[in-house]
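What follows is a single structure, written as structure tokens, with notes after it.
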Amino acid sequence: MDRKQIERISKALADQTRLQVFEAIAARSDMTCGDIVNLQGVTPATISHHLKILSDAGLIECVKQGQFVHSRVVKSAIAAYTSALTRLASRKKTSAAKS
């Protein structure tokens, strides 16, 4: 995972509402926009906006089934993100960073 993707995921999860939406989807493993609206108490347009950001970051996938779009967490993206953060945290400081 490159640095740009790490930043995109970090920014996506930095918003309180998006983090709550992500947590809700992860807890249920599959949710529609309507399910999320009912849980979060915000408008469908707001939820759609947050789902797009989470999807663009690669954290969720949205799959149309009939008339509904189901959102699911992409577990491999979370694993790659945590692994990338671990690598960043484990890097030795360069001499330029010490100055």
Spatial distance of atom CG (Leu59) from atom CZ (Arg8) [nearest 0.5 Å]
10.5 Å
Kindly work out whether a path of hydrophobic side-chain contacts (I/L/V/M/F/W/Y, heavy atoms less than 4.5 Å apart) joins Phe68 to Leu54.
no
Is the backbone of Ile78 close enough, under 3.5 Å, to the side chain of Thr82 for a donor and an acceptor to pair up by distance?
yes
Nearest heavy-atom pair of Val37 and Val42: which atoms, and what distance?
CG1-O, 3.2 Å
Co-membership, hydrophobic cluster, residues Ile53 and Ile9, 4.5 Å side-chain:
no
With Lys64 via side-chain contact (heavy atoms from CB on, under 4.5 Å) - residues at least two apart
Val69
Pairwise distance OG(Ser10) to CZ(Arg3) - rounded to 0.5 angstrom
9.5 Å
Mind checking the CD-CD spacing from Gln5 to Glu7? Nearest 0.5 Å is all I need.
10.0 Å
Pairwise distance CE(Met31) to CG(Asn38) - rounded to 0.5 angstrom:
8.5 Å
So, Ser55 side chain and Leu51 main chain: donor-acceptor pair closer than 3.5 Å or not?
no
Kindly write out the residues that satisfy side-chain contact (heavy atoms from CB on, under 4.5 Å) with Arg72, not counting sequence neighbours, or none if the list is empty.
Asp30, Glu61, Val63, Gln65, His70
Minimum heavy-atom distance between Ile25 and Ser71, given as atom pair plus value
CG2-O, 3.5 Å
Could you pull out the closest heavy-atom pair between Ile6 and Ala84, with the gap in Å?
CD1-CB, 3.5 Å
How close do Val74 and Ile60 get, heavy atom to heavy atom, and via which atoms?
CG2-C, 3.6 Å
Residues forming a side-chain contact (heavy atoms from CB on, under 4.5 Å) with Asp15, sequence neighbours excluded:
Thr17, Arg18, His50
So, taking the atom named CD1 in Ile47 and the one named CG in Leu39, what distance separates them when rounded to the nearest 0.5 Å?
9.0 Å
Correct closest heavy-atom pair for Cys33 and Ser48 would be SG-OG, 4.0 Å
